[in-house]
Asks: 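Supplied in structure tokens, the structure appears directly below.
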Amino acid sequence: MESMRVRFAPSPTGFLHIGNARTAVCNYVLAKKMGAAYVLRIEDTDMERSSRESEQSILEDLRWMGINWDEGPDAGGGCGPYRQSERFDIYKRYTDALLEQGKAYHCYCSQEELDDMRKAASDAGRPFTYPGTCRNLSAADRKKFEDQGRKPTVRFRVPDGQTITVNDLIKGRVVFESENIGGDFIIVRSDGTPIYNYIVIIDDTLMKITHVIRGEDHLPNTPKQVLIARALGLPVPEYAHLALVLGPDRAKLSKRHGITSVEMYRKEGYLPEALVNYLCMLGWATESGEDILPFDEIVRQIEMQNLARSAAVFDFVKLRWMNANYIRSADLARITDLCVPYLREAGFDTDSYPRPWFERVIDLVRGNCEVLSDITKHAPLFLREIMEPNEEADAILREEDSRKIIAEAKRLLETDLSEENFAAELVNRIKAATGLKGKKLFHPVRALFTGSLAGPELDQAIPLIGYERCRARAEFMYGKYAG
RNA sequence: GUCCCCGUCGUCUAGGGGUCUAGGACACCGGGUUUUCAUCCCGGCAACAGGGGUUCGAAUCCCCUCGGGGAUGCCA
């Protein structure tokens, strides 16, 4: 049996969209499962919209997600080139053969003429089918059009009475009739560049792809591709059409639903393993019901036949929940490194902190972060010299008892307590001196040193804030409330 | 319009004729822990789209209807 091969074939016309990312991930997981080679092919036949920058950013996003391809534009391989724009001569040979055998023909209908026909059909409430205007042009007809300066497209002659059966690995048996395809379709544009539906099947067979795993939106196009394969005498791969990802309003996921590019998820501070994990859980579930599991375990448990047939709504909230879980349990040194850029951007000189202390800070606040960028909301407590009290803290600090606490804290930090012992004794000494306890004690103390009523445990936070800053904050609050 | 796919809690799903008064996760609502927040723990709310069949028995099989999505491009 020939070795299995899958492919991911993005069109470099923008950022890697989350829906395509899921296709890439599904291909990757299933490839690992089957021991298949992973081929990356760039579908850049639409010269207008394709760009190298876009291709680069897609590759970068794929790498970030941990997807490694065995063959691709930058990786080489025996079936290259892997950019369709570099394969035009290959397609031309197939087009010439089709033309020669009368399985395809030149069409001189202009875009405007086609648009008019489409509109007329739509107005009459009929489905548009290309009427075959140019199906049987004589040499004289063709000469006349050429003289008019018309550049022809190439149309594939769709045979009548053909039944195309796709035994989809996910959807099951799907049957199409060639009559319903919409008539002879264009396979080469008038500028000579080929169309997706035409060359996708050529490349899939030339690149020896055994399993085409792609979005369900391609299912209705599959019969066209199969017909091309038949005309060319090429084998047809196995197909697996993944159910689509929808927005909360059940429409195809798009920008207006929120973040849809992988790059944005990375910038917001999502961990790649969290994104990959979540994407796998869209349309699939483990036997045990676990949602969070390592990649290797997903590979071990996933089964193509168990992938959902129905479309799934993308749940941003659940993704955040999953990401928060990963942030809490990931390696601390790594999370610390990943947090640095966010803090740096927020204006903190992260290089100036001792690393062990910095890691303890990150460890103490990571539990409050759903995305890494949240670190800028929770870490400053330890990075700033003083903390301006927020509204709630202000209200607490204005109370009579709080003034006693502030005064006592200031006195203790300036006289009785040293840098070595302050953390262990500070709160107890304040308690002893003021006679306050419980909420009456802890609320003001927290407000005094953190400027807030919410935050990490004081026992751990105070030593990390450190003697100098505690003293500075006590002095600051003293001036503000007790002076 | 036509063709194709799909319909289980708000969302992701488990289920594949009896073990289903339908299970799990997120969200939400209570309670507990944390003298705070987050975490964590406990509890609760909440679904088989509708109608016909088949069957002793249907969420599960069949048909119809309805609903949703996709395709119908000189985009991919």
Side-chain angles (χ1 to χ4, degrees), chain A residues 9-13 20 43-46 48-50 84 107 109-111 114-115 118 121-122 124-129 151-155 166 168 170-172 174-177 179-183 185-197 200 214-224 241 243-244 246 248-252 278 281-292 306 308-322 324-325 328 365-370 374 378 392 437-443 446-447 450 452-458:
Chain A
S11 188
T13 55
N20 287 118
E43 309 222 318
D44 55 351
T45 61
D46 186 343
E48 290 281 303
R49 303 195 303 161
S50 300
Q84 292 187 323
C107 171
C109 296
S110 71
Q111 206 128 194
L114 257 11
D115 287 346
R118 246 186 287 272
S122 146
R126 293 193 323 270
F128 173 74
T129 297
K151 295 275 182 238
T153 58
V154 178
R155 278 187 191 270
V166 178
D168 193 278
I170 293 171
K171 299 286 186 179
V174 185
V175 180
F176 302 89
E177 301 298 335
E179 279 67 31
N180 295 326
I181 278 175
F185 55 92
I186 293 173
I187 58 176
V188 180
R189 298 182 182 86
S190 53
D191 68 0
T193 58
I195 294 286
Y196 164 78
N197 273 133
V200 67
R214 59 182 8 171
E216 187 183 5
D217 45 343
H218 288 286
L219 186 52
N221 284 151
T222 307
K224 293 182 181 175
H241 286 94
L244 258 25
L246 274 24
D249 60 355
R250 301 212 135 262
K252 207 174 174 182
Y278 178 71
M281 292 302 149
L282 266 184
W284 180 64
T286 57
E287 208 171 317
S288 62
E290 298 291 334
D291 283 311
I292 298 179
N306 294 125
R309 271 85 63 215
S310 53
V313 172
F314 193 90
D315 188 344
F316 296 91
V317 175
K318 188 157 185 176
L319 204 212
R320 287 181 80 84
W321 164 80
M322 198 173 274
N325 271 276
R328 277 197 295 275
V365 298
R366 83 214 280 206
N368 290 63
C369 300
E370 286 192 307
D374 284 345
H378 301 110
E392 291 174 320
K437 58 182 179 177
K439 230 157 83 170
K440 281 284 180 193
L441 173 68
F442 283 88
H443 268 57
R446 174 177 291 283
T450 72
S452 168
L453 258 36
E457 281 183 60
L458 279 179

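A note on names: the letters A, B, ... follow the listed sequences, proteins ahead of strands, and every chain is numbered from 1. Everything numeric here is computed off the predicted structure, so don't read it as measured data.
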Asks: If I take atom NE2 in residue A:His378 and atom P in nucleotide B:U39, what distance separates them, rounded to the nearest angstrom?
Replies: 11 Å

Asks: Among B:U36, B:G16, B:C26, find the nucleotide with the atom closest to the side chain of A:Trp321.
Replies: B:C26

Asks: Please find the pair of heavy atoms, one from A:Leu453 and one from A:Ala447, that lie closest to each other, and give the distance.
Replies: CD1-CB, 3.9 Å

Asks: Just to be sure I understand the rule, does A:Gly283 reach a base, reach only the sugar-phosphate, or reach nothing, if contact means heavy atoms closer than 4.0 Å?
Replies: sugar-phosphate

Asks: Roughly how far apart, to the nearest Å, are B:C75 and B:G70 at atom C1'?
Replies: 15 Å

Asks: According to a strict under-4.0 Å criterion, is A:Lys252 in side-chain N/O contact with OP1 or OP2 of B:A71?
Replies: yes

Asks: On a plain distance test, is the side chain of A:Lys318 in donor-acceptor contact with the base of B:A27 below 3.5 Å?
Replies: no

Asks: Side-chain N or O of A:Arg320 less than 4.0 angstrom from OP1 or OP2 on B:A27?
Replies: no

Asks: Is there a side-chain contact between A:Thr286 and A:Met281 (heavy atoms, below 4.5 Å)?
Replies: yes

Asks: Measure CD/A:Glu290 against P/B:A25 and give the value in whole Å, please.
Replies: 9 Å

Asks: For B:A27 and B:C9, measure between their C1' atoms and round to the nearest Å.
Replies: 12 Å

Asks: Could you state the CG-P distance from A:Leu441 to B:U35, rounded to the nearest angstrom?
Replies: 12 Å

Asks: Considering only the C1' atoms, how many Å lie between B:C26 and B:C64, rounded to the nearest integer?
Replies: 36 Å

Asks: Base, sugar-phosphate, or nothing: which does A:Gly438 touch, judged by heavy atoms less than 4.0 Å apart?
Replies: base

Asks: Work out how far the C1' atom of B:G68 is from that of B:C74, and round it to whole angstrom.
Replies: 31 Å

Asks: Quickly work out the A:Phe314 CZ to B:C12 C1' distance and round it to whole Å.
Replies: 11 Å

Asks: How is A:Val200 classified with respect to the nucleic acid when contacts are heavy atoms under 4.0 Å: base, sugar-phosphate, or nothing?
Replies: nothing

Asks: To the nearest Å, how far apart are A:Asp115 CG and B:C75 C1'?
Replies: 14 Å

Asks: Looking at every strand, decide which applies to A:Lys439 at a 4.0 Å heavy-atom threshold: base, sugar-phosphate, or nothing.
Replies: base

Asks: Between A:Arg189 and A:Thr193, do the side chains contain a donor N or O and an acceptor N or O under 3.5 Å apart?
Replies: yes

Asks: Between B:C74, B:A27, B:C6, which one does the side chain of A:Ser190 approach most closely?
Replies: B:C74

Asks: Hey, could you give me the CG/CZ distance between A:Asn221 and A:Arg214, rounded to the nearest 0.5 Å?
Replies: 7.5 Å

Asks: The side chain of A:Lys224 is closest to which nucleotide in this list: B:U13, B:U72, B:C75?
Replies: B:U72

Asks: Output the single nucleotide from B:A76, B:C6, B:U11 whose closest atom is nearest the side chain of A:Thr45.
Replies: B:A76

Asks: Would you say a side-chain N or O of A:Arg49 is under 4.0 Å from OP1 or OP2 of B:C74?
Replies: no

Asks: Distance check needed: B:C4 C1' versus A:Lys171 NZ, whole Å only.
Replies: 10 Å

Asks: Find the distance A:Asn221:CG to B:G70:P and express it as a whole number of Å.
Replies: 14 Å

Asks: With respect to the phosphate group of B:U2, does any side-chain polar atom (N or O) of A:Arg126 fall under 4.0 Å of OP1 or OP2?
Replies: no

Asks: For A:Pro456, answer base if it contacts any base atom (sugar-phosphate contacts may also be present), sugar-phosphate if it contacts only those atoms, and nothing otherwise; contact means non-hydrogen atoms under 4.0 Å.
Replies: base

Asks: For A:Gly367, which contact category applies under a 4.0 Å heavy-atom criterion: base, sugar-phosphate, or nothing?
Replies: sugar-phosphate

Asks: Keeping the roles fixed (side chain from A:Asp44, backbone from A:Gln84), state whether a donor-acceptor pair exists under 3.5 Å.
Replies: yes

Asks: State, yes or no, whether a side-chain contact exists between A:Trp321 and A:Asp315 at a heavy-atom distance under 4.5 Å.
Replies: no

Asks: Can you check the distance between B:G32 and B:A38, where both ends of the measurement are the P atom (answer in whole Å)?
Replies: 14 Å

Asks: Any idea which of B:C6, B:G73, B:G1 is nearest the A:Pro127 side chain?
Replies: B:G1

Asks: With P as the reference atom in both, quote the distance from B:C45 to B:G67 in angstrom, rounded to an integer.
Replies: 33 Å

Asks: With the side chain of A:His443 defined as its heavy atoms from C-beta on, choose the nearest nucleotide among B:U13, B:U39, B:U36.
Replies: B:U36

Asks: From the list B:U13, B:C4, B:C12, which nucleotide is the closest neighbour of the side chain of A:Ala285?
Replies: B:U13

Asks: In this structure, how many angstroms lie between the P atom of B:G24 and the CE atom of A:Met281, rounded?
Replies: 18 Å

Asks: Is B:G31 syn or anti, taking syn as a glycosidic angle within 90° of 0?
Replies: anti

Asks: State which of B:U36, B:C12, B:C74 makes the closest approach to the side chain of A:Gln111.
Replies: B:C74

Asks: Could you check A:Ile186 against A:Thr286 and say which one's nearest nucleotide on RNA chain B is further toward the 5' end?
Replies: A:Thr286

Asks: How many angstroms lie between CZ in A:Phe314 and CG in A:Leu319, if you round to the nearest 0.5 Å?
Replies: 4.5 Å

Asks: Answer yes or no: is there a side-chain heavy-atom contact under 4.5 Å between A:His218 and A:Val200?
Replies: no

Asks: Checking all strands, does A:Asp46 fall into the base, sugar-phosphate, or nothing category for heavy-atom contacts under 4.0 angstrom?
Replies: sugar-phosphate

Asks: Between the base of B:C12 and the side chain of A:Asp315, is there a donor and acceptor pair under 3.5 angstrom?
Replies: no

Asks: Would you mind telling me which residue lines up with the more 5' stretch of RNA chain B, A:Leu453 or A:Ala308, judged by nearest nucleotide?
Replies: A:Ala308

Asks: Ignoring backbone atoms, test whether A:Arg446 places a side-chain nitrogen or oxygen under 4.0 Å from the OP1 or OP2 oxygen of B:U34.
Replies: no

Asks: Check this one for me: any side-chain N or O of A:Arg309 less than 4.0 Å away from OP1 or OP2 of B:G68?
Replies: no

Asks: Report the nucleotide, chosen from B:C4, B:U13, B:U39, that has the shortest atom-to-atom distance to any side-chain atom of A:Arg328.
Replies: B:U39

Asks: So what's B:G1 paired with, Watson-Crick or G-U wobble, going by both distances under 3.5 Å?
Replies: B:U72

Asks: Report the nucleotide, chosen from B:C74, B:U36, B:C3, that has the shortest atom-to-atom distance to any side-chain atom of A:Ala454.
Replies: B:U36

